[in-house]
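Remember, predicted model here, so these are calculated numbers, not experimental data.
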Amino acid sequence: MTSIASVERLRAILLNVSLITTLSFAMNPMRLMAQGGGGQQPRIGSTASHSIRGKIYLPSGRSPELRMRVVLEVSTGGIFGETFSDSVGNFEFRAINSGNYILKVQGDNQLYESYTEGLEISGSFSRTFTPQIYLRARAADPRNQPTNRILSVADTQEVPKAAKQHYEKALKLAQSNQAKAAIEKLEEAIKVFPDYLYALNKLGEQYLQSGQRELAQTYFERAIATNARFAPPHIGVGTILNEQKKYAEAIAHLETAVKLDDTYPMAHIQLGLALMETAPPDFVRSEKALLRGLAQGGKDVAYVYMHLFNLHIRQRQYVQAAAQLEAFLRDQPDAPEATQVRQKLESLKKIIAQSASTKP
């Protein structure tokens, strides 16, 4: 029978290893700022992978009892994907890159008309869009169609045409990993329109991805000073403050971001990390925030399981910690870290078994 002392030594080793290993997941903004599609780990300069989680309502206001076909088209031509709603009208598309799309639901030629809505999906932070589709009765006036499209203060800015042209060129350059050229175009955009929220925030993101954190924070804070009700720059500042271990300040910005717009998984994830590291750690709120980010981001943010593993290890909740490693391997079986995670899982299972064997 293994002694209690030997079990405690194994626990100490695992705790130390977990803290070192998960730091590479926890505080690397390059990894957190840009999520790649297809469940792969993000790459520097890659675009964010967004998702759409919508709901369909019949003209009566009730949810459809039958499954309905939903098509997502790329505005420049072609179908991105199609799916069917569930029994209460919910549907989902995942791993969507920034761009303009068209959401369509085919009418039944009897009770309701076909539905079409343009969607602008954008941002370097992974985001979940939640369109509400209210089908229109065939005889209804089209002007009465309600919509619930998410708009931020940046969406409603009246931007001069020249500034918008510079910004759009910068987006294309950024998506091609041409950070220096993108920054130059963004600088031109804010020369034309100094209060351009999207351009100020994008400058912050580009400087952060280039490793120039002081400049990144300057532009994030300038965007906040222009309009504090725009969520993304709060996430950017919160990410940098987490890196600097200024957790109380980070929490303030990240909580503000979540209150302003709940659809950014990265806001919840960074908030969870800050709450885990603050003194004393708030493990309950941290777990809640991390789970919220994971629910929104899905497989594209599967590394959150590693943060949850670390959270449970620090609380000596070994069974729950093992479940997080198993979930990570389920979603990311071919990840670069998979071998190391499997080894960690085997060590943890030994600890759980040995702990059980020492109980009277």
Side-chain angles (χ1 to χ4, degrees), residues 32 34-42 46-58 61-76 78-108 112 114-136 145-152 155 231-232 258 261-269 288-305 308 327-328 330-333:
L32 298 175
Q35 298 301 319
Q40 299 299 314
Q41 293 299 325
S46 63
T47 58
S49 179
H50 306 285
S51 61
I52 294 173
R53 293 179 182 173
K55 186 174 178 63
I56 302 172
Y57 294 91
L58 295 174
R62 298 178 58 185
S63 300
E65 296 180 357
L66 299 176
R67 300 178 68 197
M68 304 184 70
R69 181 170 175 263
V70 186
V71 178
L72 185 65
E73 296 182 355
V74 182
S75 62
T76 54
I79 295 177
F80 174 85
E82 60 180 84
T83 188
F84 284 87
S85 63
D86 62 18
S87 59
V88 292
N90 297 311
F91 64 91
E92 181 178 12
F93 293 97
R94 297 176 61 180
I96 306 169
N97 290 329
S98 296
N100 294 315
Y101 296 85
I102 302 171
L103 196 63
K104 291 185 176 181
V105 177
Q106 183 64 42
D108 68 349
Y112 53 86
S114 297
Y115 178 96
T116 300
E117 178 183 0
L119 291 176
E120 181 179 351
I121 308 297
S122 63
S124 291
F125 296 104
S126 295
R127 188 177 182 184
T128 300
F129 291 79
T130 56
Q132 307 294 298
I133 296 179
Y134 294 86
L135 297 175
R136 189 173 63 239
Q145 180 183 350
T147 61
N148 261 353
R149 181 165 176 249
I150 297 172
L151 292 176
S152 72
D155 293 312
V258 168
D261 191 335
D262 187 57
T263 65
Y264 289 99
M266 204 51 56
H268 297 285
I269 294 167
K288 183 178 179 180
L290 291 172
L291 288 172
R292 177 66 171 165
L294 183 61
Q296 289 185 332
K299 291 184 179 181
D300 293 326
V301 293
Y303 58 84
V304 173
Y305 287 118
L308 289 165
F328 176 83
R330 180 194 65 221
D331 282 0
Q332 295 282 347

Quiz item: Can you name the side-chain contact (heavy atoms from CB on, under 4.5 Å) partners of D262, sequence neighbours left out?
Solution: V258, H268, R292, Q296
Quiz item: How far apart are the C-alpha atoms of R330 and Y305, what are their side-chain angles, what is the distance that settles it, and do they pass the side-chain contact (heavy atoms from CB on, under 4.5 Å) test?
Solution: CA-CA 11 Å; R330 180 194 65 221; Y305 287 118; 3.1 Å; yes
Self-check item: Separation of I52 CD1 from I121 CD1 (nearest 0.5 Å)
Solution: 4.5 Å
Practice problem: Mind listing the closest non-hydrogen atom pair of T263 and P265 along with its distance? | Solution: O-CD, 3.2 Å
Quiz item: Of R136, Q106, K104, which meets side chain to side chain donor-acceptor pair (under 3.5 Å) against S114?
Solution: Q106
Practice problem: Would you check if the side chain of R67 reaches a backbone N or O of S85 as a donor-acceptor pair within less than 3.5 Å? | Solution: yes
Quiz item: Can you find a side-chain donor-acceptor pair between E117 and Y115 that sits under 3.5 Å?
Solution: yes
Quiz item: Mind checking what makes ring pair (Phe, Tyr, Trp, His ring centres under 6.0 Å) contact with Y101, not counting sequence neighbours?
Solution: F80
Exercise. State the CG-CG distance between D300 and D331, to the nearest 0.5 angstrom.
Key: 10.0 Å
Practice problem: Quick one: closest heavy-atom pair of S98 and S122, and the distance? | Solution: OG-CA, 3.6 Å
Quiz item: Who pairs with S51 by side-chain hydrogen bond (donor to acceptor under 3.5 Å, both in side chains), at least two apart in sequence or on another chain?
Solution: T128
Exercise. Any chance you could measure I269, atom CD1, to L291, atom CG, to the nearest 0.5 Å?
Key: 10.5 Å
Quiz item: Is a side-chain N or O of H50 found less than 3.5 angstrom from the main chain of I96, in a donor-acceptor match?
Solution: no
Quiz item: Which pair of heavy atoms, one from A302 and one from L294, lies closest together, and at what distance?
Solution: CA-CD1, 4.4 Å
Practice problem: Please name the pair of heavy atoms, one in V304 and one in L290, separated by the smallest distance, quoted to 0.1 Å. | Solution: CG1-O, 3.6 Å
Exercise. Report the distance from atom CZ of F93 to atom CG of L119, rounding to the nearest 0.5 Å.
Key: 10.0 Å
Quiz item: Could you state the interatomic distance from OH (Y57) to CG (L135), rounded to the nearest 0.5 Å?
Solution: 11.5 Å
Exercise. State, to 0.1 Å, how close E120 and F129 come at their nearest heavy-atom pair, and which atoms those are.
Key: O-CE2, 3.9 Å
Quiz prompt | Where F91 and K55 come nearest, the two heavy atoms and their spacing | solution = CE2-N, 3.6 Å
Quiz item: Is there a side-chain contact between F328 and L308, using heavy atoms and a 4.5 Å cut-off?
Solution: no
Quiz item: Looking only at atom types and distance, does a side-chain atom of S126 sit under 3.5 Å from a main-chain N or O of S49, one as donor and one as acceptor?
Solution: yes
